[in-house]
Amino acid sequence: MKQYEHHAIEEKRQAIWERDDLFRVTEIKGKKKYYLLEMFPYPSGKIHMGHVRNYSIGDVIARYKKMRGYNVLHPMGWDAFGMPAENAAMERGIHPAKWTYDNIDYMKKQLKRLGFSYDWAREIATCDVEYYKWEQWFFLKMFEKGLVYRKSAPVNYCVHCQTVLANEQVVDGNCWRCNQGVIQKELTQWFFAITKYADELYEYCDKLTGWPERVLNMQKNWIGKSYGVEVDFRLENSGILTIFTTRPDTLYGVTFMALAPEHPLAITLAEGTVYEKKVKAFVEKAKMQDRSFRAELKGNKEGIFTGRYAINPLNRHKIPIYIGNFVLMEYGTGAIMSVPAHDQRDFEFAKAYGLPIIITIMPKDRTLNPDTLEEAYEGDGYLVNSGEFNGLNNREAIGKIIDYLEAKGLGRRKINFRLRDWGISRQRYWGAPIPIIYCDDCGIVPVPYEDLPVVLPLDLEVKVVGRSPLLDCEEFIKVKCPKCGGPAKRETDTMDTFVESSWYFLKYTCPNYKEGPLDKDRVDYWMPVDQYIGGVEHAVLHLLYSRFFNRVLNELGFVDVREPFKNLLTQGMVIKDGAKMSKSKGNVVDPDYLIEKYGADTTRLCCLFAAPPEKDLDWSDKGVEGCYRFLQRIWRLATEKLHDIKHLESTYTLVDHGEDCRLLTIKLHKTIKKVTEDIERFHLNTAIASIMELVNAVYKFQEKPRTNEKELGLLKGSIEVILKLLFPFVPHITEELWEILGNDMALLRDRWIDYYEEYTIEDKVTIAVQVNGKLRDTFEIERDEPEDSVKEKACNLEKVKKHTEGKSIKKVIVIPNKLVNIVCG
RNA sequence: GCCGAAGUGGCGGAAUUGGUAGACGCGCUAGAUUCAGGAUCUAGUAGGCAUUACGCCUGUGUGGGUUCGAGUCCCGUCUUCGGCACCA
């Protein structure tokens, strides 16, 4: 008997798939479609186990859905612009383009060796000018619509990467890519107006029922919607100071105001007072501190009195105005009212600066004393010291006070978001050029559509660390102003690579379309993505940007759906020895090594069996051995009795030919049912486990010497069922064995196997018998035996009697075909 | 601090609606086969007490509760992980 030779088999099957162009997919009107998408990789060199896991999960679903009769779009491409290409260029003297395309070649080979069913005819590389020119086109459209704008603002800047980062790309004050410190820098940058969609992006979270709660929570958290009111405080002399608060119920307890150092009034207020000099110095100092530094100050807030006062609109109290380094200019109005009695942060500031504390909310169960208060009371209660609102429950008071303010013209309802606009300028070379020209006379001039693409010159050398060679490329920079024809300069910043990944899923539907950015018919045939699979690390990055971008393209008329991803599965990380795989920790498992030693099928199987997809997978070398053993077991099972069964007709329904045939038939149908249901709900590990159980049962069945053709036909049928069920997981070995058994390949690939409900029901069932909830015995009955006789049988069991002896039976609970519980005492 | 997820054998993990906890795999133990190793096959494997047989007790982080019955539902609590964090 031939051994299981994974190398030969996998090469052979892959060659056949390629020859027959098996994964090619076209739009077939009237056929139900299924768009399965896995997050495309950055071509960093080699694929890692995280990719293998992600794409193995995807391939199971893709192949399964195809077998269920769907027209399945399953594409793959490359997120090909980005920093590492420049770093590699610097380190090794290779051009970023060459480095990138070499990596793509290598990684594509790896993905093919793993046998994933991608339609490679739809492959996209985002650094391809045919791709990014349409991105530039979208940029221009967005510019026209006012969704792109340029402003000078304090931005996150990674000194190491020498570029600006979006808020989403700063993780714990560090750069998401190099993990080094991020500073604040005032720069003029391009922004996408994602905040225009903040409310919709937030509210639609509740409609994304196919997304994990976790991701939706993270997005909601990030967008940060809060309901409140803007209140106008008249300044003592003249002018108005507007603040935002979510707690108007504490308005009577305001004892000071605080402005952000960047607030326009910060310096002007103090002018002419004795505090002027000190205030100026304070503001200067605070402006120097970057965001992360200020965040660390927490319990150590600093502020300074401006010498001016505002008037509380409700009780006319004179309120001193401070400048506080803890007040954020970007949120609300950059100014706050402070209520030390009911806000811990205000409380600490008041204590430090000797400011009064006024209680306005009294809890029901105790009395607060402002002189002995040790921390702010942030709970609920009834209003005191609050004029006509005294006695009201504070939650009710919120609405009443807002109504009052609005009626008197002192304030208005307001919703604020924490989300900021998306800064997309990157001072880098390896990215899509921003299609903008600066003219001394005409100002900012968008590149005319007919002049697109703005091609990234490839004949440049990355010489100096962190300096984009575009800055030194005269041919690129020097340009005639499209408006006046005079001398002008090109924008040298490129776009954030997250812009590319915000619409690649649309381009997959029509990658070769040339007449415009997207072919709407094909986009609408495939969209939305039915199932998206990827890592949770993109929860507030790519997944938020894409939702924004898809909305913009929806409004531009390129796609009918508003939300791009209907269902989302976030797979867990692959870890080893308790840590994420990384070179520095030396716990990396190389997919190439696994494919070489055990084969693609084993590698895939192992990723799918060791843990459910959404959980972290703890890699175990022993686990691979186990999976390899399992496949060898399948191989032996199918080939050992080959001569006895090959010529026979197979069956998987043999219920009237002896007990063990009947039992095996039932096992077969139960397993088909279980595997089908498990794949549908992504319990891939338990799907595999139940196939393993079936394999064990078939082994037992074939151990007995058999000559009867019906029985051998059932053996053959059982093996075929196993191959069918396993095909989406391990396509190579199953196809090979299918062929060895002499079958038509289409029968394996083209249709999933159906089970018969009547064969999933066993006619004998085991009843568990409990006494007072404790299991005492089990016994077998015919399915659906009358309750009374089951009850009687249960009560008369020896082991049961032992526990009921001398006690009175109070109640007997019967759960049909399952359990009897005898309650006695 | 706020939001969220998760705690089950030596390990990875099972247990759709409350109904026999520990499926499947790894590891381990014993036996068969083998010159030996490996591979394969068979049996066993939650812990404890018994081992004369049948057993008996305890067990899903922890303390309560609901229920005939709780890993599953409710309340409290501890731990771990993830996200946000001076957001007014």
Side-chain angles (χ1 to χ4, degrees), chain A residues 171-172 212-222 224-226 228 243-247 250 258 291 294-301 324-328 330-339 343-346 348-349 378 416-419 536-537 539-540 605-606 609-612 614-627 629-630 632-633 636 674 677-678 681 683 685-696 699 703 766-778 798-799 802-803 810-825:
Chain A
V171 180
D172 292 333
E213 268 311 299
R214 186 157 72 120
V215 174
L216 294 175
N217 274 324
M218 282 163 76
Q219 291 214 350
K220 279 186 166 181
N221 217 331
W222 187 259
K225 184 176 185 177
S226 57
I243 58 93
F244 172 75
T245 182
T246 54
R247 293 296 304 275
T250 64
R291 204 205 187 103
R294 278 205 227 165
E296 277 169 30
L297 288 175
K298 274 197 178 170
N300 190 11
K301 300 165 197 17
N325 66 347
F326 57 94
V327 185
L328 302 171
E330 313 90 275
Y331 186 78
T333 62
I336 59 168
M337 65 177 213
S338 294
V339 185
D343 181 289
Q344 185 58 23
R345 188 195 44 206
D346 296 347
E348 285 164 21
F349 192 89
E378 295 181 339
N416 267 325
F417 297 93
R418 298 153 89 133
L419 185 71
V536 75
E537 64 273 15
V540 289
L605 189 70
C606 195
F609 178 61
E614 64 281 0
K615 274 182 116 180
D616 283 351
L617 186 157
D618 205 339
W619 186 262
S620 135
D621 295 331
K622 291 284 187 189
V624 194
E625 300 275 353
C627 289
R629 243 179 344 237
F630 173 66
Q632 286 175 313
R633 220 165 125 76
R636 278 197 307 274
K674 166 99 173 122
E677 288 169 355
D678 277 356
R681 55 182 190 143
H683 288 211
N685 56 330
T686 53
I688 295 166
S690 59
I691 300 171
M692 286 174 171
E693 277 187 70
L694 175 60
V695 170
N696 292 342
Y699 254 94
E703 260 164 29
T766 306
I767 301 292
V769 185
Q770 299 179 332
V771 177
N772 288 337
K774 278 190 180 170
L775 181 73
R776 294 303 175 190
D777 203 358
T778 61
E798 277 306 314
K799 293 177 194 171
K802 247 169 82 177
H803 290 91
K810 289 179 176 162
K811 211 197 242 181
V812 180
I813 286 144
V814 181
I815 307 296
N817 297 322
K818 236 178 192 163
L819 170 143
V820 175
N821 189 12
I822 299 156
V823 187
C824 59

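Remember, predicted model here, so these are calculated numbers, not experimental data. Order of the sequence lines sets the chain letters (A, B, ...), proteins ahead of strands, with each chain counted from 1.
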Checklist entry - Taking protein heavy atoms under 4.0 Å as touching, what does nucleotides 20-31 of chain B look like 5' to 3' if B marks base contact, S marks sugar-phosphate-only contact and - marks none? => result B--BBSSS----
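- The P atoms of B:rC84 and B:rU72 are separated by 32 Å, rounded to the nearest whole Å.
- Distance check on atom P: B:rA6 versus B:rG61 gives 13 Å, rounded to whole Å.
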Next on the checklist: As a quick check of understanding, evaluate side-chain contact (heavy atoms from CB on, under 4.5 Å) for A:Lys802 and A:Val771, giving each step before the final call.
Outcome noted: CA-CA 10 Å; A:Lys802 247 169 82 177; A:Val771 177; over 6 Å; no
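- Minimum interatomic distance between A:Cys627 and A:Phe609 (heavy atoms only, all atoms of both residues): SG-CD2, 4.3 Å.
- Of the P atoms belonging to B:rC57 and B:rC2, the separation is 45 Å, rounded to the nearest Å.
- Proximity of A:Arg214 to A:Val536: side-chain heavy atoms (C-beta onward) are separated by under 4.5 Å at one or more points.
- If A:Trp222 and A:Gly334 are placed on RNA chain B by their nearest nucleotide, the residue sitting closer to the 5' end is A:Trp222.
- Relative to the side chain of A:His683, the nucleotides B:rA88, B:rA15, B:rC68 differ in distance, and B:rA15 lies closest.
- Across all strands shown, B:rC28 forms a Watson-Crick or G-U wobble pair with B:rG44, both key distances being under 3.5 Å.
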Item to check | side-chain contact (heavy atoms from CB on, under 4.5 Å) evaluation trace for A:Val769 with A:Arg776 | outcome: CA-CA 6 Å; A:Val769 185; A:Arg776 294 303 175 190; 5.6 Å; no
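- Using modelled atom types, one side-chain atom of A:Tyr699 and one backbone atom of A:Arg633 make a donor-acceptor pair closer than 3.5 Å.
- The backbone N or O of A:Cys824 lies less than 3.5 Å from a partner atom in the side chain of A:Asn772, making a donor-acceptor pair.
- Look at B:rG9: it lacks any Watson-Crick or wobble partner with both distances under 3.5 angstrom.
- Searching all strands for a Watson-Crick or G-U wobble partner of B:rC35 with both distances below 3.5 Å returns nothing.
- Within the 4.0 angstrom heavy-atom criterion, only backbone atoms of the sugar-phosphate kind lie near A:Asp616; the bases stay farther away.
- Positionally, the nearest nucleotide of RNA chain B for A:Val171 lies more toward the 5' end than for the other of A:Tyr331 and A:Val171.
- B:rG71 is unpaired under the Watson-Crick or G-U wobble criterion, no partner having all donor-acceptor distances under 3.5 Å.
- Contact annotation: A:Ser226 reaches the phosphate of B:rA88 (side-chain N/O to OP1 or OP2, under 4.0 Å).
- Straight-line distance between the C1' atoms of B:rC56 and B:rC26: roughly 32 Å, to the nearest whole Å.
- Checking the phosphate oxygens (OP1, OP2) of B:rC3, no side-chain nitrogen or oxygen of A:Arg214 falls inside 4.0 Å.
- No donor-acceptor pair closer than 3.5 Å links the side chain of A:Asn685 to the backbone N or O of A:Ala610.
- Summarising the base pairing, B:rU77 is matched to B:rG61 through a Watson-Crick or G-U wobble pair whose two defining distances lie under 3.5 Å.
- With a glycosidic angle further than 90° from 0, B:rG12 counts as anti.
- Remark: the separation of the P atoms in B:rG31 and B:rA21 is 33 Å, to the nearest Å.
- Candidate nucleotides B:rC41, B:rC68, B:rA14 were compared by shortest atom distance to the side chain of A:Ile813, and B:rC68 ranks first.
- Nucleotide B:rA39 holds its P atom 18 Å from the CZ atom of A:Phe630, rounded to whole Å.
- One distance of note links CG of A:Asn416 with OH of A:Tyr331; it measures 4.5 Å at 0.5 Å rounding.
- Distance A:Ile336 CD1 to B:rA88 P: 10 Å, rounded to the nearest Å.
- Rounded to a whole angstrom, the distance from the C1' atom of B:rC11 to that of B:rG4 is 28 Å.
- For B:rA39, neither phosphate oxygen OP1 nor OP2 lies less than 4.0 angstrom from any side-chain nitrogen or oxygen of A:Arg636.
- A 3.5 Å limit on both hydrogen-bonding distances identifies no Watson-Crick or G-U partner for B:rC87.
- One atom, CG of A:Asn325, and another, C1' of B:rC86, lie 9 Å apart when rounded to the nearest Å.
- Atom CD of A:Gln632 is separated from atom P of B:rG38 by 16 Å (rounded to the nearest Å).
- Backbone-only contact: A:Glu703 has heavy atoms under 4.0 Å from sugar-phosphate atoms and none from a base.
- Applying the 3.5 Å distance criterion, the base of B:rC68 shares a donor-acceptor pair with the side chain of A:Asn821.
- As rounded to whole Å, 15 Å separates atom C1' of B:rC87 from atom CZ of A:Arg247.
- Taking the side chain as every heavy atom from C-beta outward, A:Glu378 and A:Gln344 approach each other to under 4.5 Å.
- A:Asn217 has its CG atom 11 Å from the P atom of B:rC3, to the nearest Å.
- In this structure, a donor-acceptor pair under 3.5 Å is present between the side chains of A:Asp678 and A:Thr686.
- Look at B:rG18: it lacks any Watson-Crick or wobble partner with both distances under 3.5 angstrom.
- In this structure, of B:rG13, B:rA88, B:rU16, it is B:rU16 that holds the atom nearest to the side chain of A:Arg681.
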Checklist entry - Can you list the steps and then say if A:Val215 with A:Asn217 is a side-chain contact (heavy atoms from CB on, under 4.5 Å)? => result CA-CA 5 Å; A:Val215 174; A:Asn217 274 324; over 6 Å; no
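- Within 4.0 Å (heavy atoms only), A:Asn221 reaches at least one base atom of the nucleic acid.
- With rounding to whole Å, A:Leu216 atom CG is found 13 Å from B:rG83 atom C1'.
- Nucleotides B:rA70 and B:rC86 have their C1' atoms positioned 44 Å apart, rounded to a whole Å.
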Checklist outcome for this item: Expected string for nucleotides 45-63 of chain B under the B/S/- scheme (protein heavy atoms, under 4.0 Å, primed atoms plus P, OP1, OP2 as sugar-phosphate) is ----------SSSS-----
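- Side-chain atoms of A:Gln770 never come within 3.5 Å of backbone atoms of A:Val820 as a donor-acceptor pair (strictly under, hydrogens ignored).
- Distance CZ (A:Arg418) to P (B:rG83): 15 Å, rounded to an integer number of Å.
- Spacing of P atoms, B:rG22 relative to B:rU80, comes out at 31 Å, to the nearest Å.
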Next on the checklist: Applying ring-ring contact (aromatic ring centres under 6.0 Å, His included) to A:Phe349 and A:Phe326, what does each step give before you reach the verdict?
Outcome noted: CA-CA 10 Å; A:Phe349 192 89; A:Phe326 57 94; 5.4 Å; yes
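- Base pairing analysis places B:rA23 opposite nothing; no Watson-Crick or G-U wobble pair with both distances below 3.5 Å involves it.
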